[in-house]
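In what follows, chains carry the letters A, B, and so on, assigned in the order in which the sequence lines appear, proteins first and then strands, with residues in each chain numbered from 1. Predicted, not measured: the structure shown is a model, and the values here were computed from it.
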2 protein chains.
Amino acid sequence: MSGGSERRGAGEGTGGQADRRVRADAQRNMDALLRTALAVFATSGVDAPVREIAERAGVGVGTVYRHFPQRSDLIAAVFRREIDACADAASLLAAEYGPFDALAQWMLRYVDFVSAKRGLAAALHSGDPAYEALPAYFDQRLRPALQGLFDAASAAGAIRTGAKPNELLRAVASLCTAAHDVGPDYARSMIGLLLDGLRYGAAGSA
Amino acid sequence: MSGGSERRGAGEGTGGQADRRVRADAQRNMDALLRTALAVFATSGVDAPVREIAERAGVGVGTVYRHFPQRSDLIAAVFRREIDACADAASLLAAEYGPFDALAQWMLRYVDFVSAKRGLAAALHSGDPAYEALPAYFDQRLRPALQGLFDAASAAGAIRTGAKPNELLRAVASLCTAAHDVGPDYARSMIGLLLDGLRYGAAGSA
DNA sequence: ACCTGAACACCGTTCAAGT
DNA sequence: ACCTGAACACCGTTCAAGT
């Protein structure tokens with residue numbers, strides 16, 4: 001449910017609470033680094049110099065390379081974090097809103113995610129091995145998230161059943177990339193149509 | 001019909017045959033540069049160092065930057081050249097083959113073009129102004145080329161009419177990008193299906 | 001006119017030295 | 001254990017000097 005894959009070595013004999021593997025400052029650096037990188041990538045693009053990110057995060061470049069041996073590893077880590085945040089938003093929204101609204105809100109959240117990550121998406125096709133596992137991770141985290149919202153909404157009778165989450169994710173993603181050429185808000189209005197189409201009472205046959 | 005837009009200054013009073021604007025060695029350098037760049041991009045990708053291209057072409061880096069103020073200008077020029085070559089192939093094939101076969105051959109030629117230029121296609125979305133005019137040029141040259149083959153084929157009764165060239169170009173392009181993930185030859189076999197669908201006698205309704 | 005290549009600025013990455 | 005930042009290698013781009 002929470003963020004995800006913190007590395008814990010397997011096979012620990014020394015049980016107990018003094019099990020913290022990373023020093024507090026290291027953890028703090030790591031967090032600052034990822035947060036700063038996200039912000040810098042958003043403003044300057046993914047080609048922003050590592051030095052600039054390190055400086056703004058208040059760490060030395062060496063620290064960046066300690067955590068992320070390659071530039072692309074940092075980019076991939078930021079991307080994973082955003083996937084996590086988007087997936088986690090599903091349960092938060094499900095707790096706050098009714099079944100249909102939670103679904104609708106999450107779709108908008110997903111649109112923001114995809115739109116903001118266009119630069120990264122381009123990097124995905126670069127062949128860099130650092131990005132290899134990302135598509136699978138994307139699926140692994142986002143599909144169940146949407147599936148949960150779907151199940152809740154159709155159990156409540158708010159939408160008709162049978163919609164495939166991964167198809168919808170892909171469709172929205174391609175709408176968003178097309179939207180960049182057309183104009184803003186285009187994607188959002190298309191999502192509105194999609195949601196109306198899912199809703200019970202709409203004339204849906206094909 | 002031929003390659004394209006060699007720059008000729010407007011307004012020449014000094015008529016005559018001694019009108020050559022570029023020195024012979026400059027022209028030779030230019031050609032070598034574009035040919036070499038094409039080859040280097042194909043093997044090492046579009047991120048290949050300018051120095052390497054200059055060296056292999058037998059010119060100084062300064063010469064590269066004289067012709068192409070930015071790295072991206074060189075890439076764009078290579079791309080334009082390939083568009084020209086692909087467009088020009090249409091009339092060549094039309095002269096050599098019958099109407100339907102010329103169309104079929106050209107589609108394969110176009111598949112090669114799109115497949116080989118995947119790296120460049122990714123660069124197109126980078127926002128670099130050097131690439132701004134390329135999509136329009138793509139359309140301007142390739143659409144008439146395919147339209148000519150279409151017209152000839154449907155005049156000969158070989159295909160049914162009404163197919164939109166630009167739609168077909170886009171469809172094939174997206175097939176090719178998808179093909180990269182699936183495997184080679186996938187695009188070619190899909191093109192085969194498309195052509196069969198165009199052919200008269202096939203059961204086509206939807 | 002056009003070409004060359006040393007020189008400059010900048011960026012990814014490493015590693016000896018610190019705490 | 002983890003951090004720092006000078007140092008190295010490399011790449012885009014410029015420009016004084018050549019022909």
Side-chain angles (χ1 to χ4, degrees), chain A residues 6-9 12 14 18-34 36-37 40-41 44-78 123 126-131, chain B residues 6-9 12 14 18-34 36-37 40-41 43-78 119 123 126-131:
Chain A
E6 295 308 307
R7 49 214 77 132
R8 304 204 163 273
E12 286 298 313
T14 61
D19 203 8
R20 298 217 180 85
R21 310 302 294 276
V22 291
R23 253 165 45 178
D25 58 338
Q27 185 60 50
R28 215 168 28 234
N29 281 338
M30 186 73 162
D31 285 347
L33 211 43
L34 286 173
T36 308
V40 171
F41 289 157
S44 312
V46 283
D47 291 331
V50 172
R51 250 179 270 265
E52 183 189 337
I53 297 166
E55 206 170 308
R56 290 219 218 184
V59 303
V61 265
T63 301
V64 180
Y65 281 93
R66 155 172 286 268
H67 292 301
F68 309 102
Q70 312 246 35
R71 206 181 175 294
S72 45
D73 293 318
L74 173 59
I75 296 174
V78 169
S126 70
D128 193 306
Y131 305 129
Chain B
E6 295 308 307
R7 51 214 74 132
R8 302 204 162 273
E12 286 300 312
T14 60
D19 203 7
R20 298 213 182 87
R21 310 301 296 274
V22 292
R23 253 164 44 177
D25 58 339
Q27 184 61 50
R28 215 168 27 234
N29 279 338
M30 187 73 162
D31 286 346
L33 211 43
L34 286 173
T36 308
V40 171
F41 288 156
T43 49
S44 312
V46 282
D47 291 331
V50 171
R51 250 178 269 266
E52 183 188 337
I53 297 167
E55 206 171 307
R56 289 218 219 185
V59 303
V61 265
T63 301
V64 180
Y65 281 93
R66 154 173 287 267
H67 292 303
F68 309 102
Q70 312 247 34
R71 205 179 177 292
S72 43
D73 293 318
L74 173 60
I75 296 175
V78 169
S126 70
D128 194 306
Y131 307 129

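Look at CD on B:Q27: it is 11 Å from P on C:dC3, rounded to the nearest Å. What separates CZ of A:R28 from P of D:dA1 is a distance of 19 Å, to the nearest Å. In this structure, A:R66 places its CZ atom 14 Å from C1' of C:dA16, rounding to the nearest Å. Atom NE2 in B:H67 sits roughly 8 Å away from atom P in C:dC2 (whole-Å rounding). Atom CG in A:N29 sits roughly 17 Å away from atom P in C:dT19 (whole-Å rounding). In this structure, B:R23 places its CZ atom 6 Å from P of C:dC3, rounding to the nearest Å.
Across all their heavy atoms, B:S72 and B:A130 have their closest contact at OG-CB, 3.5 Å. For the pair B:R71 and B:D47, the tightest heavy-atom approach, listed with the atom from each and the gap, is NH2-C, 3.2 Å.
Stem list for DNA chain D (at least 3 consecutive Watson-Crick or G-U pairs, distances under 3.5 Å): C:4-8 with D:12-16, C:12-16 with D:4-8.
Shown here is B:E55, whose CD atom has no more than 12 heavy atoms of other residues, nucleotides or ligands within 6.0 Å.
Side-chain contact between A:V50 and A:F68 is absent, with no heavy-atom pair separated by less than 4.5 Å. Under the 4.5 Å side-chain criterion, counting only non-hydrogen atoms from C-beta, B:V64 is not in contact with B:I53.
Using a 3.5 Å distance cut-off with no hydrogens or angles, the side chains of A:N29 and A:T63 do not pair a donor with an acceptor.
No donor-acceptor pair under 3.5 Å is formed between the side chain of A:D31 and the backbone N or O of A:R28. A side-chain donor-acceptor contact under 3.5 Å links B:T43 to the backbone of B:V40.
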Along nucleotides 5-15 of chain C, 5' to 3', which nucleotides get a B, which get an S, and which get a -, given that the test is a protein heavy-atom distance under 4.0 Å? BBB---BBBBB
